[in-house]
Colleague: 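Here you go, one structure.
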Amino acid sequence: MDEVSVLAPATVANVVCGFDCLGFALSEPCDEMTVRRIDTREVRIINRDDYGLPTEPEKNVAGVALLAFIEAAGIDFGFEVEITKHIMPGSGIGSSAASACGAVVAANRLIDDRFTKLELVELAMAGEALASGSRHADNLAPCIYGGFTLVRSTDPLDIVEIDFPSLFATVIHPQIEIKTSEARAMLPKEVPLKNAIRNWSNLGALVAALAKADYGLISRSLEDTIIEPLRKSLIPKFDEVKGASLQAGALGGSISGSGPSIFMLSETPESAEKVGEAMSAVYTTTGIDFNTYVSQIHPQGIRFV
Ligand code: HSE
């Protein structure tokens, strides 16, 4: 086998009260990636989309992850990677994570799955560091494991897979740019203890509620008293979108990643569709272009095709 193709899904991280730790995988959109073994110990990038991402491996998220992979595997050959991105860079739904994870998962298949999922997340973190300047794994973990994951620690890396019931996500992506590095720079170094208590209480409850399929408790736990109040100022009409979504039947939601996307969770696909309509109704008044996605929370991460 000299070539492996994968679909690398979009992911939502910072699941409300789970900033930098809780994430989940969507069914779509997905990036299409094919990784081929080449005889020379180097990485070659072929972009098959119009995003104009760099082709120098050191400047490309998939390239950096593959360079780390080659180093860790100690192999004397390299890889060519062909990428068709469907997850728009900078959308806040794990575009860079999909590129990094798709590359290392496909390359791993070419060396008989030598690395574990945990090790692959560790290698893909090199890509996230290039994209945002910080080694976070909250999008990488669900991209590789699927479903809901919690990153308990990044050093050493410790990932917890969370049981979850049938859930649907609605995402609206306003076409404005928010740089993750800037959205991180605006966060406080310290938080008041009462806000911290509220958030870790909500996060514990949310994880328990997901495992018990307690939709009422899921809804009550989807509350963030630390990050959302600050970052929502970056997203036009955030409060209106959230309010209309809750009124349309959403369980709750917040900013996806560092934005500009906003996501909402629903118990049924019908409700998720209604939430999409409510979000769109708010955004059509802004004059800002936007896309919406409705997707099941997908139990599998990267899929081989
Ligand atoms: N957890 C990160 C942040 C994810 O919100 O800064 C960004 O993709």
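For reference, positions follow the sequence shown, starting with 1. Note that ligands are numbered from 1 as they come in the structure, with each ligand's atoms numbered from 1 the same way.
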Colleague: Got a donor-acceptor contact below 3.5 angstrom from the Ser219 side chain to the Gly216 backbone?
Modeller: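 Looks like no, no N/O pair under 3.5 Å.
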Colleague: Tell me, which residues have any heavy atom less than 4.0 Å from some atom of ligand 1?
Modeller: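 Residues within 4.0 Å of ligand 1: Asn14, Phe19, Asp20, His136, Asp138, Asn139, Thr180, Arg184, Arg231, Gly257, Ser258.
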Colleague: Could you point out which residue of Leu150, Leu22, Ile162 forms a side chain to side chain contact (heavy atoms under 4.5 Å, CB included) with Leu206?
Modeller: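 For Leu206, the side chain to side chain contact (heavy atoms under 4.5 Å, CB included) test succeeds with only one of Leu150, Leu22, Ile162, which is Leu22.
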Colleague: Side chains of Ser256 and Ser261: is there a donor and an acceptor less than 3.5 Å apart?
Modeller: no
Colleague: Just do the side-chain hydrogen bond (donor to acceptor under 3.5 Å, both in side chains) check on Ser5 and Glu32 with the steps written out, would you?
Modeller: CA-CA 7 Å; Ser5 295; Glu32 297 173 70; over 6 Å; no
Colleague: Supply the atom-to-atom distance Asp76 CG to Arg41 CZ, rounded to the nearest 0.5 angstrom.
Modeller: 7.5 Å
Colleague: Applying salt bridge (charged side-chain N to carboxylate O under 4.0 Å, His left out) to Glu82 and Arg36, what does each step give before you reach the verdict?
Modeller: CA-CA 8 Å; Glu82 210 174 308; Arg36 289 183 198 98; 2.7 Å; yes
